[in-house]
K.L.:
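Dropping a structure here in structure tokens format, bear with me for questions.
Start at 1 with the first residue, then count along the sequence.
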Amino acid sequence: MVAVLRPDLAELVRQAKMVLDFNWTGEYTKPGPRLYPHQWSWDSGLVAIGYSCYDTGRAVRELTHLFDARWKNGLLPQIVFDPRFGRYFPGIDFWHADESPDAPSHAKTSGIVQPPVHATAVMRVYRRSGEGAQARAFLEYAYPILRSWHDYLYRERDPEGEGLVYIRHPWESGMDNSPMWDSIMMRLQLRPEEIPTYQRADTHAVSAEDRPVSAEYDRFAYLVRFFADRGYDEARIRQDCPFLVQDVLFNSLLCEAERDLAEISRVLGEDPSPFERRAEKTARAIDRRLWDEEHATYLDHDLVSGCPIHAYASSNLAGPLYAGIPGEERARRMVALLETPCFGLGGAHGTPVASYDRYGYGFSPVRYWRGPVWINVNWFLMRGLERYGYGEHAAGLRGAIVSLCRDEGFYEYFDPTTGMGHGSDLFSWTAALALDCLLENPGA
Ligand code: 9WN
């Protein structure tokens with residue numbers, strides 16, 4: 001890609017690449033230098049999308065390192081641990097993942113998943129690399145791995161065959177302490193002896209104000225122990241797991257990744273139709289079962305209570321738009337909701353959208369997933385707005401993402417009321433997606 005960028009933006013590109021170089025270990029990219037020293041699953045997918053703009057080799061190595069840690073049942077783990085770095089909770093010993101017969105013998109991992117953006121990342125790497133022989137060899141390597149990853153999700157996480165897969169831990173959503181999980185967390189009344197003994201490492205690296213509170217961590221840890229006690233046997237886990245949620249963003253990303261998997265199979269001369277059918281089934285299921293007519297948004301579904309989760313997160317708007325799920329009229333109403341001060345799309349603030357309704361119960365401008373601006377959710381939204389022809393909004397959002405990074409730095413998340421950066425600095429997916437925004441249309 002030949003970039004014709006304004007000098008200030010060319011400098012921003014240089015800085016973003018420096019962030020990724022700084023976090024590159026030689027095998028994978030740390031999400032953040034201090035807070036997140038291991039390899040995370042959806043971070044790697046998003047980082048690979050950034051690398052695909054300028055360094056195919058790095059993108060391929062990033063994804064290969066993650067794929068090599070896959071479980072025998074197809075599960076792609078949320079974390080691949082790097083034994084050189086100890087300071088993270090929960091570490092290898094807390095997970096007991098290798099008690100599962102499916103865990104890999106050559107890698108240490110956690111025992112949960114994260115949103116499935118990997119087929120999308122692989123396809124982007126292939127397309128942007130010029131589709132040569134080496135890129136095709138990477139597709140051939142990745143194809144069976146991606147197939148068994150998606151098969152795992154539909155087989156183990158959608159036992160009723162509804163087209164909607166469940167997540168079983170807030171960490172699986174990637175949006176750990178979102179107010180979307182509050183009602184479930186409140187229901188999870190723990191006796192003192194049920195709370196595992198643990199020591200957090202995160203609040204030593206960043207301000208405790210920015211992070212989940214300890215009552216949330218108690219429940220995160222409890223759920224990990226719950227899975228380990230059941231040997232990571234999915235049938236046993238789903239029998240009485242207190243957290244089973246059909247999440248809108250997770251399923252939307254799966255739907256789009258399934259279409260990308262269909263595209264990969266087409267390139268390789270295989271039959272794309274099983275993946276196309278599954279993608280359309282998921283799209284229809286999201287649109288029929290998760291739509292909330294009253295509020296013009298999609299809502300997560302709590303499988304334990306059997307009820308929708310009435311919490312208004314921007315991921316529930318961004319995901320379905322990104323995956324092209326709503327019809328034009330629903331999309332119009334969703335964009336109108338995004339334009340209200342609740343989310344602030346295209347508004348006077350000039351910042352990207354907040355992760356949670358700014359007037360919603362439980363909103364915080366600084367505490368992690370309870371309101372701050374996250375660049376990945378905004379990047380999905382930008383793609384969705386482009387898809388539905390909201391070109392002005394999409395361009396505005398692209399500009400807002402770039403300006404925020406230029407003015408504040410490549411932070412993990414940002415206060416939607418002031419723009420100030422919070423959480424980890426030098427955060428990899430922020431840098432990677434800013435690069436994607438900057439390098440895709442350098443003249444724009
Ligand atoms: C737990 C690495 C990960 C992201 C998640 C984000 C945060 C971990 C944590 O960091 O979660 O997975 O320790 O807080 O919420 O989306 O993948 O960047």
K.L.:
So does Glu280 have more than 12 non-hydrogen atoms from other groups sitting under 6.0 Å from CD?
P.N.:
yes

K.L.:
If you look only at pairs with a residue in residues 294-308, which of them pass as a salt bridge (Lys or Arg N to Asp or Glu O under 4.0 Å), with sequence neighbours excluded?
P.N.:
Arg187-Asp302

K.L.:
Are any non-hydrogen side-chain atoms of Phe243 and Ile167 less than 4.5 angstrom apart?
P.N.:
yes

K.L.:
Mind checking side chain to side chain donor-acceptor pair (under 3.5 Å) for Ser110 and listing every partner two or more places apart, or none if nothing turns up?
P.N.:
Gln78

K.L.:
List in chain and number order the residues that pass side chain to side chain donor-acceptor pair (under 3.5 Å) with Thr29, two or more places apart in sequence or in another chain; answer none if no residue qualifies.
P.N.:
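So Thr29 forms a side chain to side chain donor-acceptor pair (under 3.5 Å) with Tyr51, Glu62.
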
K.L.:
Can you pull the ring-ring contact (aromatic ring centres under 6.0 Å, His included) pairs that have at least one residue in residues 98-144, sequence neighbours excluded?
P.N.:
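Applying ring-ring contact (aromatic ring centres under 6.0 Å, His included) to every pair that reaches into residues 98-144, excluding sequence neighbours, yields His118-Trp149.
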
K.L.:
Of the non-hydrogen atoms in Phe410 and Cys405, which two are nearest, and what is the gap between them?
P.N.:
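Closest approach of Phe410 to Cys405, heavy atoms only: CE2-CB, 3.7 Å.
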
K.L.:
State, yes or no, whether a side-chain contact exists between Val373 and Tyr413 at a heavy-atom distance under 4.5 Å.
P.N.:
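They are not in side-chain contact.
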
K.L.:
Heavy atoms, side chains only, cut-off 4.5 Å: are Ile49 and Trp379 in contact?
P.N.:
yes

K.L.:
Quick one: sort the His65 and Tyr28 rings into parallel, tilted or perpendicular, breaks at 30° and 60°.
P.N.:
parallel

K.L.:
Taking OH in Tyr361 as the centre, count heavy atoms belonging to other residues, nucleotides or ligands within less than 6.0 Å. Is the count above 12?
P.N.:
no

K.L.:
Residues in salt bridge (charged side-chain N to carboxylate O under 4.0 Å, His left out) with Arg211, at least two apart?
P.N.:
Asp202

K.L.:
I need the minimum non-hydrogen distance between Cys255 and Ala279, along with the two atoms involved.
P.N.:
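For Cys255 versus Ala279, the nearest heavy atoms are SG-O, 3.4 Å.
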
K.L.:
Using the rule given for salt bridge (charged side-chain N to carboxylate O under 4.0 Å, His left out), can you reason through Glu172 versus Arg157, listing the C-alpha separation, both sets of side-chain angles and the distance that settles it, and then say yes or no?
P.N.:
CA-CA 12 Å; Glu172 292 204 314; Arg157 304 302 189 93; 2.8 Å; yes

K.L.:
Rounded to the nearest 0.5 Å, what's the gap from CG on Leu268 to CD on Glu140? Could you check?
P.N.:
5.5 Å

K.L.:
Do Arg127 and Glu263 meet the salt-bridge criterion of a basic N to acidic O distance under 4.0 Å?
P.N.:
yes

K.L.:
Grab the two heavy atoms, one from Asn251 and one from Gly163, that are nearest each other, plus how far apart they are.
P.N.:
OD1-O, 4.1 Å

K.L.:
Counting neighbours of CZ on Arg230 that are heavy atoms of other residues, nucleotides or ligands and sit closer than 6.0 Å, is the number greater than 12?
P.N.:
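Result for CZ/Arg230: enclosed.
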
K.L.:
Please identify each residue that fulfils side chain to side chain donor-acceptor pair (under 3.5 Å) with Glu329, with sequence neighbours left out.
P.N.:
Arg332

K.L.:
I'd like to know if Asp436 and Arg398 make a salt bridge, using a cut-off of under 4.0 Å between side-chain N and carboxylate O.
P.N.:
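Looking at Arg398 together with Asp436, the answer is no, because their closest N to O distance does not fall below 4.0 Å.
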
K.L.:
Met180 versus Asn316: any side-chain heavy-atom pair under 4.5 Å?
P.N.:
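They are in contact (side-chain heavy atoms under 4.5 Å apart), so the answer is yes.
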
K.L.:
If we count only N and O atoms by modelled type, under 3.5 Å, do the side chains of Ser428 and Asn23 hold a donor and an acceptor together?
P.N.:
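Side-chain D/A pair, Ser428 to Asn23: present.
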
K.L.:
Between Glu258 and Tyr154, does any side-chain donor sit less than 3.5 Å from a side-chain acceptor?
P.N.:
no

K.L.:
Does the pair Glu216/Arg367 count as a salt bridge with the N-to-O cut at 4.0 Å?
P.N.:
no

K.L.:
Do any pairs count as a ring-ring contact (aromatic ring centres under 6.0 Å, His included) and have a residue in residues 271-319, sequence neighbours left out, and if so which ones?
P.N.:
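Passing the test, one end in residues 271-319: Trp291-Tyr298, His295-Tyr312.
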
K.L.:
Is Lys281 salt-bridged to Asp158, cutoff N-O under 4.0 Å?
P.N.:
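Looking at Lys281 and Asp158, the cut-off is not met.
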
K.L.:
Could you check whether Arg330 pairs with Asp287 (Lys NZ or Arg NE/NH1/NH2 to Asp/Glu carboxylate O, under 4.0 Å)?
P.N.:
yes

K.L.:
Can you list the steps and then say if Glu234 with Arg168 is a salt bridge (charged side-chain N to carboxylate O under 4.0 Å, His left out)?
P.N.:
CA-CA 10 Å; Glu234 200 60 39; Arg168 51 169 155 84; 2.8 Å; yes

K.L.:
Quick check on ring pair (Phe, Tyr, Trp, His ring centres under 6.0 Å): which of Phe427, Tyr88, Phe81, Trp171 does Trp40 satisfy it with?
P.N.:
Tyr88

K.L.:
Can you find a side-chain donor-acceptor pair between Trp369 and Ser315 that sits under 3.5 Å?
P.N.:
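No, no side-chain donor-acceptor pair sits under 3.5 Å.
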
K.L.:
Using salt bridge (charged side-chain N to carboxylate O under 4.0 Å, His left out) as the criterion, list what pairs up with Asp229, not counting sequence neighbours.
P.N.:
none

K.L.:
Please examine the side chains of Cys241 and Phe226, heavy atoms only from C-beta on, and report whether any two atoms are closer than 4.5 Å.
P.N.:
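Counting from C-beta outward, Phe226 and Cys241 do come under 4.5 Å.
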
K.L.:
Check the pair Asp218, Leu188 against side-chain contact (heavy atoms from CB on, under 4.5 Å), reporting the backbone distance first and the verdict last.
P.N.:
CA-CA 10 Å; Asp218 289 349; Leu188 203 50; over 6 Å; no

K.L.:
Do you know which two heavy atoms are closest between Val80 and Ala69, and how far apart they sit?
P.N.:
CG2-CB, 3.6 Å

K.L.:
For Ser314, what residues pass the side chain to side chain donor-acceptor pair (under 3.5 Å) criterion, not counting sequence neighbours?
P.N.:
none

K.L.:
Would you indicate whether the side-chain heavy atoms of Pro170 and Leu223 approach each other to under 4.5 Å?
P.N.:
yes

K.L.:
May I ask you to check whether Asp292 and Thr297 show a side-chain donor-acceptor distance below 3.5 Å?
P.N.:
no

K.L.:
With Arg238, which residues qualify under salt bridge (charged side-chain N to carboxylate O under 4.0 Å, His left out), at least two apart?
P.N.:
Glu156

K.L.:
Considering non-hydrogen atoms only, spot the tightest contact between Leu338 and Phe343 and give its length.
P.N.:
O-CB, 3.5 Å

K.L.:
Mind checking whether Trp181 and Arg219 have side chains closer than 4.5 Å, heavy atoms only?
P.N.:
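No, side chains not in contact.
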
K.L.:
Would you say the side chain of Pro31 lies within less than 4.5 Å of the side chain of Trp429, judging by non-hydrogen atoms?
P.N.:
no

K.L.:
Is it the case that the ring center of His169 lies less than 6.0 angstrom away from the ring center of Phe220?
P.N.:
yes

K.L.:
Restricting to salt bridge (charged side-chain N to carboxylate O under 4.0 Å, His left out), what partner residues turn up for Glu328, sequence neighbours left out?
P.N.:
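With neighbours one apart ignored, the set is empty.
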
K.L.:
Checking Phe94 now: which residues fulfil ring-ring contact (aromatic ring centres under 6.0 Å, His included) with it, not counting sequence neighbours?
P.N.:
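Counting only residues at least two positions away or on another chain, Phe94 forms a ring-ring contact (aromatic ring centres under 6.0 Å, His included) with Phe89.
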
K.L.:
Can you tell which of Tyr411, Phe414, Tyr368, Phe380 makes a ring pair (Phe, Tyr, Trp, His ring centres under 6.0 Å) with Trp374?
P.N.:
Tyr368

K.L.:
Salt-bridge test for Arg383 and Glu440: reply yes if a basic N is under 4.0 Å from a carboxylate O, no otherwise.
P.N.:
yes

